[in-house]
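We count residues from 1, following the sequence as given.
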Amino acid sequence: EMAKFLHLVDQLPDRFFKYRVMTHLAFFLGLRREEIVGLTWKHVNCKNGSLEISQALSYIVGVPLKVKAPKNEVSNRTLGLSQEHRDLLLHQQELQKAAFKKANLVWTESCFIFTQLKSTDPMHGNSYNTWLKKFLSNTDLPKSSIHKNKMMTSPIKSLNNIEGRP
């Protein structure tokens, strides 16, 4: 089921590309939803293949989204990026720059990697789960969430020799 899910996600058109990238970050690097939506471009170093996890995006009902420290001390970490993940992030950056230009928005390395449509505001963490529910309803795969997907990937992280949380 996991292989089928990833295959379907990898077939997504560019308008859903950010969800492909988010899925890969959760599945293969074990990132939490709040860590994914808290990423900015300054956290990505495609040249040396690293991704710094040093912040997360907090959501509390009725309160604006807020940047905070990751869940705990060991959650501050630097992860290695495979060439595939570098390529995914670079393509996401190209798509975002084009969308920002079309919407007359200024792109900088301080921008969030995953933003709301036609905005520099960060994408809400629940947006992935909302998309995932709709995506899965068009398949014969069971319902899932980014947290469940992340938890299934510990063996993948080990095989890829990617640093993970205890």
Side-chain angles (χ1 to χ4, degrees), residues 5 9 12 14-46 49-82 85-101 103-136 143-154 156-157 162-166:
F5 173 71
V9 167
L12 290 169
D14 277 353
R15 69 187 178 118
F16 297 113
F17 194 79
K18 66 182 170 185
Y19 298 110
R20 178 179 177 190
V21 179
M22 293 174 85
T23 299
H24 275 261
L25 293 176
F27 262 77
F28 294 102
L29 298 180
L31 298 186
R32 295 179 175 95
R33 177 180 59 183
E34 294 79 9
E35 293 169 340
I36 293 170
V37 295
L39 288 171
T40 65
W41 290 108
K42 66 183 175 185
H43 296 116
V44 179
N45 185 329
C46 285
S50 65
L51 180 66
E52 177 191 343
I53 310 303
S54 59
Q55 68 183 35
L57 204 59
S58 173
Y59 170 69
I60 300 170
V61 177
V63 177
L65 295 173
K66 179 182 173 186
V67 174
K68 66 175 186 109
K71 187 175 181 178
N72 54 48
E73 183 84 20
V74 296
S75 293
N76 281 301
R77 62 210 186 277
T78 300
L79 303 174
L81 291 171
S82 68
H85 293 123
R86 291 182 211 187
D87 293 343
L88 287 171
L89 285 161
L90 287 171
H91 189 61
Q92 170 65 17
Q93 187 179 77
E94 289 171 14
L95 293 171
Q96 187 181 63
K97 284 180 177 180
F100 276 32
K101 184 175 182 179
N104 293 318
L105 299 170
V106 177
W107 185 93
T108 69
E109 285 191 348
S110 296
C111 290
F112 288 93
I113 295 174
F114 305 104
T115 58
Q116 298 176 26
L117 191 61
K118 298 179 184 178
S119 173
T120 58
D121 292 336
M123 184 174 150
H124 192 288
N126 288 339
S127 297
Y128 179 87
N129 286 347
T130 301
W131 168 82
L132 183 60
K133 185 177 179 180
K134 289 178 188 175
F135 176 76
L136 291 173
K143 292 180 181 176
S144 190
S145 72
I146 198 167
H147 181 73
K148 288 179 191 172
N149 293 340
K150 180 180 79 73
M151 298 309 287
M152 292 189 303
T153 61
S154 292
I156 293 173
K157 288 188 298 186
I162 295 173
E163 177 187 338
R165 283 184 295 280

Residue pair Val9, Phe16: steps toward the side chain to side chain contact (heavy atoms under 4.5 Å, CB included) verdict
CA-CA 9 Å; Val9 167; Phe16 297 113; over 6 Å; no

Pairwise side-chain contact, Asn76 with Pro70, heavy-atom cut-off 4.5 Å (strictly under)
yes

What side-chain donor-acceptor pairs closer than 3.5 Å can you find for residues 52-59, not counting sequence neighbours?
{"unit_1": "Glu52", "atom_1": "OE2", "unit_2": "Ser54", "atom_2": "OG", "d": "3.1"}
{"unit_1": "Ser54", "atom_1": "OG", "unit_2": "His43", "atom_2": "NE2", "d": "3.2"}
{"unit_1": "Gln55", "atom_1": "NE2", "unit_2": "Gly38", "atom_2": "O", "d": "2.7"}

Within the side chain of Thr115, is there an N or O that forms a donor-acceptor pair under 3.5 Å with the backbone of Phe112?
no

If I take atom [atom1] from residue [X] and atom [atom2] from residue [Y], how far apart are they, to the nearest 0.5 angstrom?
| X | Y | atom1 | atom2 | answer |
| --- | --- | --- | --- | --- |
| His124 | Phe114 | NE2 | CZ | 16.0 Å |
| Lys134 | Asn129 | NZ | CG | 12.5 Å |
| Thr23 | Leu132 | OG1 | CG | 7.0 Å |
| Tyr128 | Lys18 | OH | NZ | 13.0 Å |
| Leu29 | His24 | CG | NE2 | 10.5 Å |
| Leu25 | Leu88 | CG | CG | 8.0 Å |

Which word best sums up how the rings of Phe135 and Trp131 line up, parallel for under 30°, tilted for 30 to 60°, or perpendicular for over 60°?
parallel

According to the interplanar angle, ranging from 0 to 90°, do the rings of Phe17 and His91 count as parallel (below 30°), tilted (30 to 60°) or perpendicular (above 60°)?
perpendicular

Should the heavy atoms of other residues, nucleotides or ligands under 6.0 Å from NZ of Lys118 be counted, would the total exceed 12?
no

Nearest heavy atoms of [X] and [Y], plus distance in Å:
| X | Y | value |
| --- | --- | --- |
| Thr78 | Ser50 | CG2-CB, 3.8 Å |
| Arg77 | Val74 | CD-O, 3.7 Å |
| Leu105 | Ser119 | CD1-N, 3.5 Å |

Step by step, would you call Gln96 with Ile113 a side chain to side chain contact (heavy atoms under 4.5 Å, CB included)?
CA-CA 8 Å; Gln96 187 181 63; Ile113 295 174; 5.5 Å; no

Those residues that, when tested against Arg86, pass salt bridge (Lys or Arg N to Asp or Glu O under 4.0 Å) (two or more places apart)
none

Please lay out, stage by stage, how Val37 and Leu65 fare under the test side chain to side chain contact (heavy atoms under 4.5 Å, CB included).
CA-CA 10 Å; Val37 295; Leu65 295 173; over 6 Å; no

Test Arg32 against Ser75 for side chain to side chain contact (heavy atoms under 4.5 Å, CB included), laying out the working first.
CA-CA 10 Å; Arg32 295 179 175 95; Ser75 293; 2.9 Å; yes

